[in-house]
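The structure appears below as structure tokens.
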Amino acid sequence: MLKIKDLHARVEDKEILKGINLEVKPGEVHAIMGPNGSGKSTLASVIAGKEDFEITKGTILFEGEELDEVAPEERAHKGIFLSFQYPVEIPGVSVTNFMKTAINESRKAHGKEDMPASKMLKLIREKSELLDIDRKFLSRSLNEGFSGGEKKRNEIFQMAMLEPKLAILDETDSGLDIDALRIVANGVNKLKSKDNAVILITHYQRLLEYIIPDFVHVIHDGKIVKSGTKELALELEEKGYDWLKKEPVV
Amino acid sequence: MAYTEEELKKELETKEYEYGFYTDIESDTFPKGLNEEVVIALSKKKEEPEWMTLWRLEAFKIWKEMTEPEWANIHYQKPDFQDISYYSAPNKKPKYESLDEVDPELLDTFKRLGISLDEQKKLAGVAVDIVMDSVSVATTFKKTLAEKGIIFCSISEAIKEHPELVKKYIGSVVPKKDNFYAALNSAVFSDGSFCYIPKGVRCPMELSTYFRINQAGTGQFERTLVIADKGSYVSYLEGCTAPSRDENQLHAAVVELIALDDAEIKYSTVQNWFPGNKEGKGGVYNFVTKRGLCERNAKISWTQVETGSAITWKYPSCILKGDNSIGEFYSIAVTNNFQQADTGTKMVHLGKNTKSTIISKGISAGKSQNSYRGLVQVNSRADNARNFSQCDSLLMGNECGAHTFPYIEAKNKSAQIEHEATTSKIGEDQIFYCNQRGIDTEKAIALIVNGFSKEVLNKLPMEFAVEAQKLLEISLEGSVG
Ligand SMILES: Nc1ncnc2c1ncn2[C@@H]1O[C@H](COP(=O)(O)OP(=O)(O)O)[C@@H](O)[C@H]1O
Ligand SMILES: [Mg+2]
């Protein structure tokens, strides 16, 4: 599904990603861990097509197609979803209205008619129940005055509505209390299928107790310095990242 | 006789007035220029009663003594008032035979605004060969109004048919001497709308200038007079979302609203005059005086969406004369490219327990300048007056400007005045967030702008709000590269 080869990316004059290799197949869950500032969010942004970052070397393939020239909204139409580490506020635009626009824009890109209102309502009801979201919440302005946890839950609600093929969750667990974490993880698990894939970016092993990854990768200084299975996460929890920083690249 | 060159010229000039002009009265368009004779001729042409002619003449006299205001935060080439023709017979001939002859860009805009083919033809000045639905709509509309005793007609018609009402109220809220453009308008106003709602009557539908079809075009000096008698209610819609192109560069309208005891007037405007091209050439100068008078317990709400004009200079205001009266002003002003807007409101609290609310949303893009200018004035006898003002500006790009000038004059200690102002910029992060959800940049901007303007859009009557939303999108197209 996703194939990243020797990806180098920089912002202004600063090189941030220094040769990332990663392959994600349908049905898989990958966890990406690593210390602050190692380039995790940058990797997520580059996959989503943020133009601030310049790819200086390497490629990203999504379902066999090179993404270099593909606009961010088209990547979304193809089924790439990013749950932002810091979701932005859009005053005056309700969550419902935002989702309606997003869904219909994607449908338009696929040559489909707008989703009928009744179907939209049903979908909203279904997904908000799945994530235990109060319907009143959906009439509020997008992320405006939301608590950290509400923002993250709202990101997952959007993911549930859009049903992407590849979901990248950037520190979705931070800011969530244990109950919210369980609800979110539960939601992600329910949406998982053999046809879609998830990349979990996280600092903590905690989330991985609820969403079991098939692979764990550690990023340090713009490179994946170690890959393994879920046991690696436990090891990291115990030992921290320092031992990896010193180890040569494998 | 030896004439000097100068004397000859003078003589010819006066000759023109003496003879040339009167022979021209029969023609359909007056020669350019403005003087007393022109005012008299205009009034005659419109078959007005003498009191109206005298009223206009007095206004002209006042105007001659005035100078054009300089204080607005706008820059432009001042119009030459002698280079304008002040009367042109309503053009009944269609400009085009079919839609194929109309500027395709204009048609495209119509289409995106969801304007029907028949309406498109009407707006673009194309000959209409079939009877439009709206004609029958207008007929039933008129009948319903007549049953309630509501008068809704052109101001020219009202001057003839309802002189007692016009005579009593015209100029009572915006006096002739109010300002330069109001004086000019009073002298030479071409046409406009008149509306009277009798005591205790609730006007059953939105009164829209759109329905006043088969009336003469209003031209560049429009005059509107709306009177809501005691305990009545009316919602009045002015303007049209369709882009109006006009060869007249200067537009100076006057709108007067009178809300008698316990009456309520809602006045909504969507203004979309030609703003000029991308280089800032052409475009309409829109200098408008709009003011409402509230008697006891009365309420006036102004809601406006301004997207057009090269220059807009406009301050819909409320005189809260009666105790417990309420004034509201909700405004969205969009400027793009080289547009300049200086808009705002004046809330004058004279009565006790008077209340006013001002919500102003300015959106600037391109190289445009958008200013809010508001005055909240509390008279010494206006006990317990309250005002809440909120002015928000949204900027797109780095070359545009937003300015806020709130003036407060409170002469009564019990006044409670609150003012809030914010300035924000459409952030790249917001746009990327939308992009990531599959929403392209153009649509993302529309979404953000609509969200920003929501409080005001919500005040518009339903169908108008939908059109206004689309209009905002179109006005800002191409504003982010
Ligand atoms: N837009 C930007 N401009 C400049 N530096 C940036 C930008 N985005 C990220 N960086 C830098 O890139 C590095 C990686 O950041 P990030 O990808 O956010 O790390 P992580 O998500 O792993 O904490 C950091 O040093 C950060 O300061
Ligand atoms: Mg990060």
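Protein chains get the first letters and strands the later ones, always in sequence-line order, with residue 1 at the start of each. Atom set for the values below is all heavy atoms of this structure, side chains included, hydrogens, waters and symmetry mates excluded.
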Using non-hydrogen atoms only, which part of [X] is less than 4.5 Å away from chain B: side chain, backbone, both, or neither?
X	value
L162(A)	side chain
N104(A)	neither
F98(A)	both
I103(A)	neither
E51(A)	neither
P87(A)	both

Task: Atom group of E455(B) that falls short of 4.5 Å from chain A, counting heavy atoms - done: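 No part of it gets close to chain A.
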TODO: Select one option (side chain, backbone, both, neither) describing which atoms of Y433(B) are under 4.5 Å from chain A's heavy atoms.
DONE: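 For Y433(B), the contact with chain A is made by backbone and side chain together.
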Has [X] got more than 12 heavy atoms of other residues, nucleotides or ligands less than 6.0 Å from its [atom1]?
X	atom1	result
K18(A)	NZ	yes
Y407(B)	OH	yes
K355(B)	NZ	no

Task: NZ/NE/NH1/NH2 to OD/OE distance under 4.0 Å, K108(A) and D440(B) - done: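 The answer is no: the pair does not qualify as a salt bridge.
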Open item on the list: For a quick test of reading the model, state the closest non-hydrogen atom pair linking F432(B) to A48(A) and the distance between them.
Closed with: CZ-CB, 3.8 Å
Task: Shortest non-hydrogen contact between A76(A) and G438(B), atoms and distance - done: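 Result for this residue pair: CB-N, 3.4 Å.
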Open item on the list: For I80(A), is there any backbone N or O sitting under 3.5 Å from a side-chain donor or acceptor partner on Q436(B)?
Closed with: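 Pair found, side chain donor or acceptor close to backbone of I80(A).
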Please round to the nearest 0.5 Å and tell me the distance separating atom [atom1] of [X] and atom [atom2] of [Y].
X	Y	atom1	atom2	answer
N435(B)	R75(A)	CG	CZ	11.0 Å
D429(B)	I90(A)	CG	CD1	10.5 Å
C434(B)	E105(A)	SG	CD	10.5 Å
L447(B)	T101(A)	CG	OG1	5.0 Å

Open item on the list: I'd like to know which of K454(B), E428(B), R437(B), Q430(B) tops the heavy-atom pair count under 4.5 Å against chain A.
Closed with: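 Maximum pair count with chain A is reached by R437(B).
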Task: Among the listed options P91(A), A71(A), S106(A), the residue most often paired with chain B at heavy-atom distances under 4.5 Å - done: P91(A)
